[in-house]
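Residues take their numbers from the sequence shown, with the count starting at 1. All ligand and atom numbering here is 1-based and tracks the order in the structure.
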Amino acid sequence: MKRFITVEEARQQILERLPRLSTERIFLSQALGRILAESVEAPTDSPRFDNSARDGYALRFDDLEGDRPTLSVIGTAAAGTISDLHVEPGTAARIMTGAVVPEGADTIVMQEYCEVDEDAGTVTVLEVPEKGRGAWVRKAGENMAAGEAVLEPGARLGAPEVGLLASFGRSVIEVSRRPRVAIVSTGDELVELDQEPQPGQIINSNAYMLEALVHQAGGEAVVLPPAADTEEAVRDTFEQALQSADIVVSSGGVSVGDFDITREVVDELTGGMNFWKIRMKPGKPLAFGTADTDGRDVPLIGLPGNPNSCFVCFHQFVRPALAVMQGVARDGVVPRRLDAILAGPVQTTPKRRVYLSGTLRGRVGDKPEFVPFDNQNSGNLRLFCGAEAFGVCEEGVARMEAGDEIAVELIEL
Ligand SMILES: Nc1nc2c(c(=O)[nH]1)N[C@H]1C(S)=C(S)[C@@H](COP(=O)(O)OP(=O)(O)OC[C@H]3O[C@@H](n4cnc5c(N)ncnc54)[C@H](O)[C@@H]3O)O[C@H]1N2
Ligand code: MOO
């Protein structure tokens with residue numbers, strides 16, 4: 001059924017109908033960009049022991065009364081061992097950043113605020129630390145307590161998460177399997193990268209762009225050879241795609257032209273697909289359904305063939321879908337929006353929401369400035385090269401001026 005729906009409606013309908021991928025155990029060194037499939041608790045307090053946050057002297061705060069107190073230095077606490085030093089009243093221990101705070105001491109004074117007399121074996125404190133008692137002591141458990149849940153299933157593992165898991169001694173973790181994404185292109189006009197296009201032919205660039213987008217979204221791409229415009233070739237290609245993948249993404253063949261073989265085949269394979277016209281530009285026509293393939297539900301998303309439409313639709317629908325299949329919560333996959341100020345005027349269409357291409361620069365007041373690219377023509381293949389954000393012009397708006405407030409969505413890689 002053909003309906004003219006919003007981006008949000010289409011995304012919600014897709015995200016509600018996705019299968020959840022199985023999980024696997026992998027080495028931490030392979031974890032970047034993966035989605036966690038277990039709950040991780042801190043195995044110990046963090047820090048594990050009271051330690052110094054500065055190079056300086058460990059002492060008793062009560063000894064800091066009076067003007068420039070002088071204390072005798074009883075030894076050095078270095079990082080990596082436990083010293084047998086005991087800081088009694090009137091004494092201090094030299095201490096290094098990360099070293100265990102010796103018994104008896106409750107405060108660290110940075111060496112910059114101390115004067116040392118090597119011969120006398122004393123240190124004079126020139127300035128009492130502003131933080132008072134406990135200054136520069138990192139208390140055991142102050143960041144995480146043993147047993148505290150720190151990472152939940154569905155968390156995306158970036159570099160900080162990898163570092164945190166390493167600090168817990170986790171060499172192996174449970175993550176969602178990477179989605180295998182079959183990429184289908186159809187059309188007699190498509191030729192391969194190394195072929196010279198004849199009159200009327202074009203290079204199958206969408207397959208390469210989609211493969212790159214799939215990799216950026218943490219998936220594995222399976223690129224199928226483009227199918228010719230015959231029912232048999234298109235059906236064979238889609239059947240092969242369904243067998244080899246967790247989700248099939250195609251480009252082209254979803255407009256209202258005469259060669260709608262793709263739509264017919266997809267409709268048949270999914271037992272009745274949703275075919276939508278979406279109130280967005282670029283990216284109006286989109287097909288979605290799931291095909292029962294040997295007992296597996298394999299989603300199929302038919303993107304429009306225009307490269308820019310394909311790019312925008314990937315960000316709005318496919319990237320979120322790949323995340324949800326890996327266990328990210330549905331409300332965590334919607335493109336992030338912020339308010340910005342438009343740097344120059346733009347002409348758009350009031351009939352659909354328009355996604356502009358541009359970059360973010362500096363700030364105007366408390367908001368970043370969105371700089372739209374000059375040529376927003378949807379056929380302009382360079383349109384999204386170097387883009388950092390989509391500027392969103394809502395339906396009903398025909399023109400926006402420099403200085404107008406505009407919502408932007410970050411193009412996350
Ligand atoms: N009468 C109407 N015509 C069109 C409408 C409409 O509503 N009424 N919608 C337009 C919109 S919007 C879009 S978007 C396109 C969608 O077209 P299709 O998805 O059917 O894609 P194709 O017709 O196959 O190709 C469109 C365009 O993209 C180029 N293309 C296709 N595949 C690739 C590829 N693999 N690599 C690079 N470029 C590709 C193709 O050459 C065409 O220029 O329909 C409008 N028409
Ligand atoms: O939506 Mo089409 O994608 O405007 O070119």
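Between Arg337 and Glu394, at least one side-chain N (NZ, or NE/NH1/NH2) sits under 4.0 Å from a carboxylate O, which counts as a salt bridge. The existence of a salt bridge linking Arg336 and Glu412 is confirmed by a sub-4.0 Å separation between a basic side-chain nitrogen and an acidic carboxylate oxygen. Note on Arg235 versus Glu268: salt bridge recorded, some NZ/NE/NH1/NH2 to OD/OE distance being below 4.0 Å.
An N or O contact shorter than 3.5 Å links Asn204 to ligand 1 by distance. Between Gly253 and ligand 1, at least one pair of N/O atoms sits closer than 3.5 Å. Between Leu190 and ligand 1, not a single N/O pair is under 3.5 Å apart. Considering backbone and side-chain N/O atoms, Asn206 comes within less than 3.5 Å of an N/O atom of ligand 1. Taking distance alone, with nitrogen or oxygen atoms compared against 3.5 Å, Ile202 stays at or beyond that limit from ligand 1.
Ile82 CD1: 12 or fewer foreign heavy atoms inside a 6.0 Å radius.
Heavy atoms of Pro226 found under 4.0 angstrom from ligand 1: none, in either backbone or side chain. With a heavy-atom cut-off of 4.0 Å, Ser251 touches ligand 1 through its side chain alone. The backbone of Ile203, and not its side chain, has at least one atom closer than 4.0 Å to an atom of ligand 1 (non-hydrogen atoms only; backbone = N, CA, C, O). The part of Ser309 lying near ligand 1 is the side chain, judged by heavy-atom distances below 4.0 Å. With a 4.0 Å heavy-atom cut-off, ligand 1 is reached by no atom of Lys281.
Remark: of the listed residues Arg180, Arg20, Arg177, Arg178, Arg177 is the sole one forming a salt bridge (charged side-chain N to carboxylate O under 4.0 Å, His left out) with Asp246.
A donor atom on one side chain and an acceptor atom on the other are found under 3.5 Å apart for Asp55 and Thr97. Using modelled atom types and a 3.5 Å distance limit, the side chains of Ser185 and Asn204 yield a donor-acceptor pair.
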N or O contacts of ligand 2 with protein under 3.5 Å, please list pair by pair.
{"unit_1": "ligand 2", "atom_1": "1 (O)", "unit_2": "Gly283", "atom_2": "N", "d": "2.6"}
{"unit_1": "ligand 2", "atom_1": "1 (O)", "unit_2": "Lys284", "atom_2": "N", "d": "2.6"}
{"unit_1": "ligand 2", "atom_1": "1 (O)", "unit_2": "Arg352", "atom_2": "NH1", "d": "3.2"}
{"unit_1": "ligand 2", "atom_1": "3 (O)", "unit_2": "Gly283", "atom_2": "N", "d": "2.5"}
{"unit_1": "ligand 2", "atom_1": "3 (O)", "unit_2": "Ser309", "atom_2": "OG", "d": "2.3"}
{"unit_1": "ligand 2", "atom_1": "4 (O)", "unit_2": "Arg352", "atom_2": "NH1", "d": "3.3"}
{"unit_1": "ligand 2", "atom_1": "5 (O)", "unit_2": "Asn306", "atom_2": "ND2", "d": "2.9"}
{"unit_1": "ligand 2", "atom_1": "5 (O)", "unit_2": "Ser309", "atom_2": "OG", "d": "3.3"}

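Applying the side chain to side chain contact (heavy atoms under 4.5 Å, CB included) test to Asp331 and every residue at least two apart in sequence or in another chain returns Ala329.
Ring planes of Trp276 and Phe288: parallel class, angle under 30° (limits at 30 and 60°).
By the 4.0 Å heavy-atom criterion, Lys277 is counted among the residues contacting ligand 1.
A cation-pi arrangement, defined by a distance under 6.0 Å to the six-membered ring centre and an angle within 45 degrees of its axis, is present between Arg94 and Tyr57.
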